Structures are given as C-alpha cells and as structure tokens.
Undergrad: 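So that we are looking at the same thing, I have put the structure below in structure tokens.
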Amino acid sequence: MSEQNPAPVTVIGLGPMGRALAGAFLDAGHRTIVWNRTPGKDHGLVERGAISAASPEAAVAESPLTVVCVVNYDAADAIVRRAPVIDALKGRTMVNLTADTPDRARATAIWAAEHGIDYLDGAIMTPTPTIGTPDSVLLHSGPEELYQAHKPTLDALGGTQTYLGEDVGRAAAFDIALLDIFWTAMAGFAHALALAQAEGITARELAPFAVGIAEILPPLFQQHAADVDAENYFDETNPITSAASSMAHIVHVSEAHGIDASVMRAAEGLARRVIGLGHGTDGFLRITQLLNSR
Ligand code: NDP
C-alpha cells in the first residue's frame with residue numbers, strides 16, 4: 001500500500017536488486033533518486049522518472065530515507081563511510097538492505113549512531129521479480145519508532161514485510177539461517193542430480209519426484225519447531241538410526257560412482273555422533289542440539 005503523498009526516497013546501488021527496489025518506489029509514486037558506483041545502470045529508471053544523482057552525497061541529500069543495496073557491507077562502507085556522505089546522512093535515515101552478517105549489521109548501527117545517522121537494517125528474502133508485488137518477503141530490524149516512521153515508504157516494496165525487533169542484527173540473522181536452508185538444499189539437489197546422472201537418470205526424469213521430496217519439508221518445519229524449542233527430540237516413527245542407515249547408502253552409491261560424498265558424509269557423521277551419545281531413538285533434529293553444544 002503506498003502513501004497519499006509519497007515521500008522522496010534515495011536508492012544507492014543499481015544492481016539487479018537495487019534497480020528492482022527503485023522501480024517499485026517509482027511505481028508507487030515516490031520521487032526516487034538513484035546513484036550507482038558505475039555510471040549507466042540507471043537506464044530505464046530515468047526514463048520512468050528517476051532522478052540520477054551525480055554523487056552519493058547528492059543522492060542522500062534529496063530524501064529523508066536512503067536505501068542501500070549493494071553486494072556486501074564492504075561495498076556499502078566504501079560508499080557511505082566518506083565525509084561528504086556522512087555529512088549528508090546526518091539526521092536522516094539509512095536502511096541497509098544489503099545482505100551480510102548480523103555482526104556487520106550491528107557494527108554499522110554503532111557507526112551510524114556515532115555519526116548521528118538513524119539506522120535500520122533489513123534483508124530481502126525473494127528474487128527481483130517479486131519486488132513491488134504481493135510475493136516479496138522483506139525482513140527489518142532496528143529501532144521500532146524509526147521503522148514505523150518509514151514503513152509507508154517501505155510498503156512500496158510490497159509483499160510481506162516483517163519487523164523483527166530492536167536488535168539490528170536480527171534481520172541478517174534470519175537471512176543467514178534461511179540461506180543456510182537454501183544452499184544446503186541446493187547442494188543436496190546438485191548432488192542428487194550427479195548421482196542420478198551416474199545411474200542413467202536425467203534431471204528431467206528426476207525433477208517431478210524431487211518436487212515431491214521438497215514438498216515433504218514444509219510440514220516437517222512446522223511440526224518440529226515447537227519440539228526443537230522445547231528440546232524434545234524423541235521420534236519413534238523416524239529414529240536417527242534409520243536416517244544414518246539411509247545416508248550410508250547414499251555415501252556408498254556416490255563413492256562407487258567416484259562422486260564426492262563429503263556433504264552427506266558430514267551429515268551422516270553428525271547422526272552417528274548422536275547415536276554414539278545414546279540418543280538413537282531420537283529423530284534427526286537431535287543434531288541441532290549436538291551442533292550447539294559448545
Ligand atoms: P550484486 O550483489 O551483484 O550487487 C551489485 C551492486 O553492488 C551494484 O550496485 C554494484 O555497483 C555494487 N558494488 C559491488 N562492489 C562495489 C564496491 N566495491 N563499491 C561500491 N559498489 C559496489 O547484485 P544485486 O543487486 O542482485 O544484489 C544486491 C544485494 O541484494 C546483495 O546483497 C544480494 O545478496 C541481495 N539480494 C539479491 C537478490 C536478487 O535476486 N538479486 C535476492 C535477495 C537479496 P557497480 O554496478 O558499480 O559494480
């Protein structure tokens with residue numbers, strides 16, 4: 001939902017995501033000022049009404065809110081941690097939608113406070129085509145009052161936007177945990193495709209069944225969340241001994257084909273450690289506790 005009198009907004013960084021963000025602000029009627037390190041990335045946006053600034057400090061000076069979205073915090077720092085930009089940001093708000101670590105988000109918030117800059121951190125959980133549509137998912141953290149003040153502008157980015165709390169590192173922490181799921185799953189998919197190919201199965205033949213496997217996961221995520229929070233791992237229907245046995249087959253078949261099985265070996269190793277500690281009747285998620293036992 002957009003504002004009646006949309007506030008101006010500045011977007012720093014015009015990679016695929018920064019361009020999508022700027023496009024969504026334009027679509028919602030915001031005066032949108034853009035800047036990118038390499039010139040020329042504003043094509044298409046300027047035609048749609050964006051104002052291309054000559055420098056990041058000029059861009060920042062045009063709006064109460066600056067959204068930064070570049071490759072990582074080193075890049076964001078290279079842009080904003082310069083005297084003219086700091087001066088321009090003073091008394092204004094910066095929302096960093098760049099992906100990085102919780103510690104970098106917290107360090108940036110400390111730096112911003114030292115320089116009189118209001119700071120919010122965020123994470124974008126969905127790809128560029130979703131931005132500005134009901135399908136986008138964004139996470140935000142930092143001072144709630146600040147988030148509420150700029151929510152009418154951020155709403156232009158669409159979808160589900162969740163405020164996660166005052167700890168400014170929380171959006172990045174959710175992002176990292178969720179990307180952990182994504183990349184581990186993608187590593188599993190890539191490995192399964194290699195294994196299938198070695199057995200004469202094409203990716204297209206496997207895909208419909210792979211979708212079926214993926215669909216098993218969402219209800220499991222929901223069902224087991226409360227048990228994990230309560231540290232209740234008992235699972236008589238699917239004990240970790242059975243999981244370890246299944247994993248051993250995957251390792252065996254992979255290595256028989258000369259396929260690297262190190263990811264599955266690591267997962268099986270964790271399951272075997274849990275069994276060795278006497279928790280063989282627990283489910284696979286018991287490894288969560290093992291991983292966190294420092
Ligand atoms: P990139 O991650 O490739 O970032 C490109 C942007 O970073 C460009 O504006 C580029 O400027 C800038 N940049 C890179 N290095 C520097 C530097 N040293 N100094 C200044 N600027 C630099 O592309 P995206 O736009 O896709 O991603 C931006 C952020 O959004 C990332 O953190 C990404 O993880 C996140 N994201 C992206 C998604 C997507 O679907 N693309 C989905 C969810 C999150 P230049 O043009 O000058 O090189």
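A quick note: this is a predicted structure, and the numbers were derived from the prediction, not measured. Side chains included, hydrogens not; waters and symmetry mates left out as well; all remaining heavy atoms used.
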Undergrad: State yes or no: do Leu291 and Ile275 share one hydrophobic cluster built from I, L, V, M, F, W and Y residues joined by side-chain heavy-atom distances below 4.5 Å, directly or via other members?
TA: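 Cluster IDs for Leu291 and Ile275 match.
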
Undergrad: Less than 4.5 Å apart, any side-chain heavy atom of Met17 and any of Cys69?
TA: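 Result yes, sub-4.5 Å side-chain heavy-atom pair found.
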
Undergrad: Measure the CD-CD1 distance between Glu199 and Ile259 for me, rounded to the nearest 0.5 Å.
TA: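 Spacing of CD (Glu199) from CD1 (Ile259) equals 8.5 Å.
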
Undergrad: Name the one of Leu26, Leu65, Thr66 that satisfies side chain to side chain contact (heavy atoms under 4.5 Å, CB included) with Val9?
TA: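 Option passing the side chain to side chain contact (heavy atoms under 4.5 Å, CB included) with Val9: Leu65.
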
Undergrad: Any non-hydrogen side-chain atom of Leu138 less than 4.5 Å from a side-chain atom of Thr160?
TA: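 No. Closest side-chain heavy atoms not under 4.5 Å.
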
Undergrad: Go through it in stages, so that I can follow the logic: the residues are Leu97 and Leu157, the test is side chain to side chain contact (heavy atoms under 4.5 Å, CB included), and I'd like the CA-CA distance, side-chain angles, deciding distance and then a yes or no.
TA: CA-CA 12 Å; Leu97 295 182; Leu157 303 178; 4.1 Å; yes

Undergrad: Kindly compute the distance separating NE2 (His279) from CZ (Arg286), expressed to the nearest 0.5 Å.
TA: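 The distance works out to 3.5 Å.
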
Undergrad: In the single-linkage hydrophobic clustering (I, L, V, M, F, W, Y; side-chain heavy atoms under 4.5 Å), do Ile201 and Leu193 co-cluster?
TA: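 Result: yes, single cluster for both.
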
Undergrad: Examine distances only and state if a side-chain atom of Gln161 and a backbone atom of Leu154 form a donor-acceptor pair shorter than 3.5 Å.
TA: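 Yes; at least one donor-acceptor contact below 3.5 Å.
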
Undergrad: Heavy atoms only: give me the nearest Ala76-Val68 pair and the separation to one decimal.
TA: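 Minimum heavy-atom separation between Ala76 and Val68: CB-CG1, 4.0 Å.
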
Undergrad: Taking the side chain as every heavy atom from C-beta outward, state whether Thr32 and Leu45 have any atom pair closer than 4.5 Å.
TA: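 A side-chain contact under 4.5 Å is absent here.
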
Undergrad: May I ask you to check whether over 12 heavy atoms, not counting those of Phe209, lie within 6.0 Å of atom CZ?
TA: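 Check fails, neighbour count at 12 or below.
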
Undergrad: Any link between Val60 and Ile86 through a network of hydrophobic side chains (Ile, Leu, Val, Met, Phe, Trp, Tyr) touching at under 4.5 Å?
TA: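 Shared cluster, yes.
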
Undergrad: Is Arg273 atom CZ crowded by more than 12 heavy atoms from other residues, nucleotides or ligands, each under 6.0 Å away?
TA: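 No.
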
Undergrad: Using atom types as modelled, flag every donor-acceptor pair under 3.5 Å from a side chain in residues 175-188 to any protein atom, sequence neighbours excluded.
TA:
residue: Asp180; atom: OD1; partner: Thr184; partner atom: OG1; Å: 3.2
residue: Thr184; atom: OG1; partner: Asp180; partner atom: O; Å: 2.6

Undergrad: Does the side chain of Asp227 come within less than 4.5 Å of Phe234's, by heavy atoms?
TA: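 Heavy-atom side-chain distance check fails, nothing below 4.5 Å.
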
Undergrad: Which is it for Ile51 and Glu62 under the side chain to side chain contact (heavy atoms under 4.5 Å, CB included) test, yes or no, and what are the steps along the way?
TA: CA-CA 10 Å; Ile51 295 148; Glu62 292 282 331; 5.9 Å; no

Undergrad: Could you work out, with salt bridge (Lys or Arg N to Asp or Glu O under 4.0 Å) as the rule, every residue matching Asp235, not counting sequence neighbours?
TA: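 Result, salt bridge (Lys or Arg N to Asp or Glu O under 4.0 Å) vs Asp235: none returned.
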
Undergrad: Side-chain atoms of residues 118-133: list all donor-acceptor pairs with protein atoms under 3.5 Å, sequence neighbours left out, distances to 0.1 Å.
TA:
residue: Tyr119; atom: OH; partner: Asn96; partner atom: ND2; Å: 3.4
residue: Tyr119; atom: OH; partner: Asp121; partner atom: OD1; Å: 2.6
residue: Asp121; atom: OD1; partner: Tyr73; partner atom: OH; Å: 2.4
residue: Asp121; atom: OD2; partner: Tyr73; partner atom: OH; Å: 3.2
residue: Thr126; atom: OG1; partner: Thr130; partner atom: OG1; Å: 2.9
residue: Thr126; atom: OG1; partner: Val137; partner atom: N; Å: 3.0
residue: Thr130; atom: OG1; partner: Pro127; partner atom: O; Å: 2.6
residue: Thr133; atom: OG1; partner: Thr130; partner atom: O; Å: 2.6
residue: Thr133; atom: OG1; partner: Asp135; partner atom: N; Å: 3.0

Undergrad: Holding to side-chain contact (heavy atoms from CB on, under 4.5 Å), I want the full list of residues that pass it with His43, two or more places apart in sequence or in another chain.
TA: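 Applying side-chain contact (heavy atoms from CB on, under 4.5 Å) to His43 gives Arg19.
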
Undergrad: For atom CD of Glu236, decide whether the heavy atoms of other residues, nucleotides or ligands shown that lie under 6.0 angstrom number more than 12.
TA: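 No, CD of Glu236 has 12 or fewer neighbouring heavy atoms, counting only those of other groups under 6.0 Å.
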
Undergrad: Rounded to the nearest 0.5 Å, how far does NE2 of His150 lie from CG of Leu146?
TA: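 Between Leu146 CG and His150 NE2, I get 5.0 Å after rounding to 0.5 Å.
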
Undergrad: Residues two or more places apart in sequence or in another chain: which of them pass salt bridge (Lys or Arg N to Asp or Glu O under 4.0 Å) with Arg37?
TA: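 Not a single residue meets the salt bridge (Lys or Arg N to Asp or Glu O under 4.0 Å) criterion with Arg37.
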
Undergrad: Hey, is CD on Glu145 packed in by over 12 heavy atoms from elsewhere, all under 6.0 Å?
TA: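 At most 12 heavy atoms, drawn from other residues, nucleotides or ligands, come within 6.0 Å of this atom.
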
Undergrad: Can you name the nearest heavy-atom pair linking Ile33 to Ala59, along with the distance?
TA: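 It is CG2-CA, 3.7 Å.
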
Undergrad: Minimum heavy-atom separation for Ala61 and Ala88, please, with both atom names.
TA: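 Nearest pair, atom of Ala61 first, then Ala88: N-CB, 4.4 Å.
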
Undergrad: Minimum heavy-atom separation for Ser254 and Ala261, please, with both atom names.
TA: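 For Ser254 and Ala261, the tightest heavy-atom pair comes out as CB-CB, 3.9 Å.
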
Undergrad: Is a donor on one side and an acceptor on the other found under 3.5 Å between the side chain of Glu47 and the backbone of Gly44?
TA: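 Here the side-chain-to-backbone pair exists.
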
Undergrad: Can you confirm whether more than 12 heavy atoms, excluding those of Ile213, are under 6.0 Å from its CD1 atom?
TA: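 No, because the 6.0 Å sphere around CD1 of Ile213 holds 12 heavy atoms or fewer from other groups.
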
Undergrad: If you apply the rule side chain to side chain contact (heavy atoms under 4.5 Å, CB included), what do you find for Val251 with Glu268, and how did you get there?
TA: CA-CA 9 Å; Val251 170; Glu268 186 197 348; 3.7 Å; yes

Undergrad: I'd like to know whether His140 forms a ring-ring contact (aromatic ring centres under 6.0 Å, His included) with Tyr147, so could you lay out the CA-CA distance, the side-chain angles of the two residues, the decisive distance to 0.1 Å, and finally the verdict.
TA: CA-CA 8 Å; His140 302 278; Tyr147 173 68; 5.0 Å; yes

Undergrad: Angle class for the His30/Phe25 ring planes (parallel below 30°, perpendicular above 60°, tilted otherwise)?
TA: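 Aromatic pair His30/Phe25 classed perpendicular.
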
Undergrad: State plainly whether one hydrophobic cluster holds both Ile216 and Leu285, where clusters connect Ile, Leu, Val, Met, Phe, Trp and Tyr through side-chain heavy atoms under 4.5 angstrom apart.
TA: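 Different hydrophobic clusters.
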
Undergrad: State, yes or no, whether a side-chain contact exists between Val253 and Leu195 at a heavy-atom distance under 4.5 Å.
TA: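 Result yes, sub-4.5 Å side-chain heavy-atom pair found.
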
Undergrad: Would you say the side chain of Thr10 lies within less than 4.5 Å of the side chain of Val34, judging by non-hydrogen atoms?
TA: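 Counting from C-beta outward, Val34 and Thr10 never come under 4.5 Å.
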
Undergrad: Output yes when a side-chain donor or acceptor of Asn36 lies under 3.5 Å from a complementary backbone atom of Pro39, and no otherwise.
TA: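 The answer is no, because no donor-acceptor pair under 3.5 Å joins these two groups.
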
Undergrad: Under 3.5 Å, is there a donor-acceptor pair linking the side chains of Asp260 and Ser262?
TA: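 Judged by distance alone, the side chains do pair up.
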
Undergrad: Between Arg170 and Asp167, does any NZ, NE, NH1 or NH2 come within less than 4.0 Å of an OD or OE carboxylate oxygen?
TA: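 A salt bridge is absent here (no side-chain N lies under 4.0 Å from a carboxylate O).
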
Undergrad: When hydrophobic residues are tied together by side-chain contacts of less than 4.5 Å, even through go-betweens, does Val211 share a cluster with Leu206?
TA: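 No; Leu206 is not reachable from Val211 via cluster members.
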
Undergrad: Return the minimal non-hydrogen interatomic distance between Tyr233 and Val228, and the atom names on each side.
TA: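 Here Tyr233 and Val228 meet closest at OH-O, 3.9 Å.
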
Undergrad: Rounded to the nearest 0.5 Å, what's the gap from CG on Leu89 to NE2 on His115? Could you check?
TA: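 Result: 10.5 Å between the selected atoms.
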
Undergrad: Do Val67 and Ile12 have side-chain heavy atoms sitting under 4.5 Å apart?
TA: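 No - every pair of side-chain heavy atoms lies 4.5 Å or more apart.
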
Undergrad: Are any side-chain N or O atoms of Arg92 and backbone N or O atoms of Ser63, one a donor and one an acceptor, separated by less than 3.5 Å?
TA: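 Pair found, side chain donor or acceptor close to backbone of Ser63.
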
Undergrad: Is the shortest heavy-atom distance from the side chain of Val80 to the side chain of Met94 under 4.5 Å?
TA: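 Sidechains of Met94 and Val80: in contact.
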
Undergrad: Distance from Lys151 atom NZ to Tyr163 atom OH, nearest 0.5 Å?
TA: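 The NZ atom of Lys151 sits 13.0 Å away from the OH atom of Tyr163.
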
Undergrad: Using the rule given for side chain to side chain contact (heavy atoms under 4.5 Å, CB included), can you reason through Met247 versus Phe284, listing the C-alpha separation, both sets of side-chain angles and the distance that settles it, and then say yes or no?
TA: CA-CA 11 Å; Met247 290 174 175; Phe284 182 70; 3.3 Å; yes

Undergrad: Nearest 0.5 Å, please: how far is CG in Asp229 from NE2 in His224?
TA: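 Output value for this atom pair is 13.0 Å.
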
Undergrad: For atom CZ of Arg265, is the number of surrounding heavy atoms from other residues, nucleotides or ligands below 6.0 Å larger than 12?
TA: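 Not buried by this count: 12 neighbours or fewer within 6.0 Å.
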
Undergrad: Going by salt bridge (Lys or Arg N to Asp or Glu O under 4.0 Å), name the residues that satisfy it together with Glu166, two or more places apart in sequence or in a different chain.
TA: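 Per chain and number, Glu166 pairs via salt bridge (Lys or Arg N to Asp or Glu O under 4.0 Å) with no residue.
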
Undergrad: Which atom names give the shortest non-hydrogen contact between Asp74 and Arg104, and what distance separates them?
TA: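 In terms of heavy atoms, the two residues are closest at OD1-NH2, 2.9 Å.
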
